[in-house]
Amino acid sequence: MSNQDLAKLFRNVAAAYSIKDEKKFRFQIIAYQKAADTVSNLTSEIIDFYKDDKLNTLPGIGVTIKSHLEELFKTGKVSHFEWALKGIPEAVFPLLDIPSFGPKKAYRLVKEFHLNNPKTVIKDLEEIASRGKIAKLDGFGDKSQSDILRAIAEFRLGKGKKTRMTLPYAMEIADKITSYLKLSKDVIRAESLGSLRRRMPTVGDIDIAVATNNSKSVIEYFTGYPYKERIIEKGDTTSSLLVSGGKQVDLMTQPPEAFGALLQHFTGSKNHNIHLRELSLKKGLSLSERGIKNLSKKGLPIQNYDSEEGFYEAIGLQWIPPEIREDTGEIELASQKKLPELIKLSDIKGDLHIHSNFPIEPSHDLGQNTIDEMIQKAKSLKYDYLGFSEHNPSISKHTSNQIYSLLKRRTLKIEQIMSDNKDVRILKLLEIDILPSGNLAIDDKSLNLLDGAIVSIHSTFNMNKADMTERVLKGLSHKKAKILAHPTGRMLNERKGYELDWSKIFEYCKKYNKALEINSWPGRLDLPDMIIRMAVNTKVKMVINTDSHAVLEMDNMKYGIAMARRGWATRDDILNTLSYNEFYKWLKK
DNA sequence: GCCGTTTTCGGCCCGACTGTTTTCAGTCG
């Protein structure tokens with residue numbers, strides 16, 4: 001059973017509990033939802049945690065759920081889940097994927113209309129609604145009937161939150177809307193928050209906070225946004241739009257003197273906020289987006305905070321960088337004022353993964369700009385060094401002698417440029433395929449032309465975890481191989497990537513001075529943040545590269561930095577914060 | 001059902017919006 005299947009099963013159990021007795025099972029419902037979130041965010045398969053007896057290390061998985069999982073992996077089923085799901089028609093569950101459908105509404109409709117086929121339930125319900133039968137039910141009306149029809153139509157088109165945006169795309173939409181908002185005289189500040197501010201690799205919806213003394217006017221202005229498809233909701237202080245492209249934008253407002261609490265609330269994450277609020281309750285404080293209520297002093301007005309720093313300070317915490325607000329230990333450290341100083345963009349001294357258009361007839365895509373153009377860009381970024389690492393020349397189209405002469409030409413070109421240019425030091429690298437056998441794609445004679453090699457997987461992704469780990473370790477075993485590029489091979493929204501045995505990879509990297517790449521390409525963002533965090537904890541060194549195929553892409557470094565920060569990396573964890581001499585020394589180690 | 005720098009028992013975040021209702025249930029973030 002895949003992680004996503006298991007997460008779905010947990011959510012179904014939670015939904016079944018909601019339908020049967022929401023009050024009685026209130027905390028079980030929360031527990032199963034949390035377990036579902038945990039499982040769906042794992043970076044390796046849940047069954048591996050079971051095999052290694054590590055299930056109890058996962059947040060939200062305690063004694064009971066652990067024993068259910070053990071039963072699942074031993075027998076293929078869980079008698080408790082069968083009991084919990086008993087009496088709930090299977091057709092309820094597909095409806096839960098549609099926005100605005102919760103367990104109660106889905107169950108009610110399935111029961112009323114005897115919808116028993118989970119494969120056709122959405123279409124069946126649509127037919128019933130279009131024949132006007134839902135409006136006649138108690139508690140429903142014409143509006144809810146037409147809302148259901150629209151919800152189904154939008155769900156089919158993949159609108160709303162179903163498909164997640166890459167970071168740059170989300171930033172572009174957010175910038176457009178905040179710029180629009182700032183044109184209103186009532187908007188004092190407008191900021192994009194939520195998962196975008198936390199720099200999640202993908203973003204589901206855009207969250208925007210506005211400071212204003214006239215919420216009503218701002219909401220009017222917001223809902224008049226010219227590029228909207230429709231208004232989802234419109235209240236006194238908050239509103240939501242569906243904008244063109246089918247993405248949802250949520251707006252919240254507060255007066256400027258209370259804006260700090262809103263920033264904090266709307267940045268999240270949900271788990272971070274829940275933990276913060278539970279912690280504060282124990283101190284007699286109740287937190288919300290409006291401010292802080294002192295529960296022991298009844299009648300006292302809510303305390304306002306204009307800044308987020310002030311809000312965190314009021315509950316005895318150090319300000320926490322948004323990227324790590326995921327409730328994975330940051331609150332505990334902030335209360336001791338011991339948060340690490342996360343890496344910043346200005347710490348970066350060089351980029352090692354650059355594809356120029358120098359014609360070495362590579363196995364994969366060539367860059368679009370010349371070596372000189374890339375160096376000029378590096379200069380503007382104030383880098384001390386730049387590593388050229390085009391893909392190796394194609395091995396199916398060239399003999400090893402031809403590969404050598406292609407690389408030799410590139411070497412001469414780089415050396416000529418180096419003699420003319422003293423501002424940016426240049427490293428002669430190459431991105432080399434690790435073949436399915438684990439061998440590198442080019443031979444030692446060619447490899448000896450290089451200062452070092454970046455190695456990576458570009459074919460035969462479907463190997464199992466043990467074999468892929470062997471393959472990667474064999475690839476890294478060459479003396480010149482120093483960096484493993486885009487280590488999981490994932491492509492966001494496209495492919496999951498292959499599995500590796502991280503403890504083996506980490507151990508090897510430490511022992512033989514190899515580094516893992518954090519690839520800043522927005523469609524990759526690979527390593528994933530959780531694996532960066534593991535690498536940081538085990539003191540494995542990393543580099544942050546852009547993998548640029550064009551000058552403009554060299555600005556993508558900020559996305560890799562964001563991932564490194566999400567993984568709690570400091571300057572010391574990242575090798576391309578080193579000076580040229582120190583980095584070169586590491587390369588030759 | 002989970003969890004622990006007040007607790008191994010007894011807690012468990014907080015608020016907004018909508019539709020169908022005359023005070024609330026359901027959904028969402």
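As a basis for the values below, the full set of heavy atoms in this structure was taken, side chains included, without hydrogen atoms, waters or symmetry mates. Proteins get letters first, then strands, A, B, ... in listed order; numbering begins at 1 in each.
- Atom name C1', nucleotides dC2(B) and dT7(B): the rounded distance is 14 Å, in whole Å.
- When the C1' atom is compared between dC13(B) and dC28(B), the two are found 14 Å apart, to the nearest whole Å.
- Rounded to an integer number of Å, the gap from R108(A) CZ to dT20(B) P is 12 Å.
- Side-chain proximity of H68(A) to the nucleotides dC13(B), dG1(B), dC14(B) is greatest for dG1(B).
- In this structure, H272(A) places its NE2 atom 15 Å from C1' of dC14(B), rounding to the nearest Å.
- Nearest to the side-chain atoms of E233(A) among the listed nucleotides dC17(B), dG26(B), dC13(B) stands dC17(B).
- Looking at heavy-atom distances under 4.0 Å, L287(A) makes contact with sugar-phosphate atoms alone, never a base.
- Residue contacts shown for E278(A) are limited to sugar-phosphate atoms, with no base heavy atom under 4.0 Å away.
- If you check every strand for non-hydrogen atoms under 4.0 Å, K293(A) touches sugar and phosphate atoms only.
- Residue T238(A) has its side chain nearest to dC17(B) when only dC17(B), dC2(B), dG15(B) are considered.
- Distance check on atom C1': dT18(B) versus dC12(B) gives 28 Å, rounded to whole Å.
- Nucleic acid contact class of S239(A) (heavy atoms, under 4.0 Å, all strands): none.
- Atom P of nucleotide dG4(B) and atom NZ of K282(A) are separated by 9 Å, given to the nearest angstrom.
- Here the P atom of nucleotide dC28(B) and the CD1 atom of I30(A) are 16 Å apart, to the nearest Å.
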side-chain contact (heavy atoms from CB on, under 4.5 Å) between R197(A) and S192(A), worked out: CA-CA 7 Å; R197(A) 183 169 181 228; S192(A) 50; over 6 Å; no
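- When the P atom of dC14(B) is taken as reference, atom CZ of R26(A) falls 11 Å away, rounded to whole Å.
- Between the CZ atom of R325(A) and the P atom of dC13(B) there is a distance of 20 Å, rounded to whole Å.
- Contact annotation: K104(A) side-chain N/O to dG26(B) OP1/OP2 distance is under 4.0 Å.
- When the side-chain nitrogen and oxygen atoms of S67(A) are compared with OP1 and OP2 of dG1(B), none of them lie within a distance under 4.0 Å.
- Between the CZ atom of R230(A) and the C1' atom of dC17(B) there is a distance of 14 Å, rounded to whole Å.
- Note on T237(A): only backbone sugar-phosphate atoms sit closer than 4.0 angstrom, heavy atoms only; bases stay farther off.
- Candidate nucleotides dT27(B), dG1(B), dC14(B) were compared by shortest atom distance to the side chain of Q28(A), and dG1(B) ranks first.
- Using a 4.0 Å heavy-atom criterion, one finds that Y32(A) contacts the sugar-phosphate atoms exclusively.
- At the heavy-atom level, L276(A) lies nowhere under 4.0 Å from the strands shown.
- Residue contacts for K234(A): at a heavy-atom cut-off of 4.0 Å it reaches the sugar-phosphate backbone alone, with no base atom in range.
- At the heavy-atom level, H80(A) lies under 4.0 Å from the strands shown only through sugar-phosphate atoms.
- At dC12(B), none of the side-chain N or O atoms of R277(A) fall inside 4.0 Å of OP1 or OP2 (strictly under the cut-off).
- Between the P atom of dA16(B) and the CG atom of N273(A) lies a distance of 15 Å, rounded to the nearest Å.
- Taking every heavy atom of residues 129-147 of chain A and every atom of DNA chain B, pairs under 4.0 Å involve G139(A), F140(A), G141(A), D142(A), K143(A), S144(A), D147(A), by number.
- Across all strands, Y107(A) comes closer than 4.0 Å to no nucleic acid atom at all (heavy-atom distances).
- No engagement by I29(A) is indicated, since no non-hydrogen atom pair under 4.0 Å with the nucleic acid exists.
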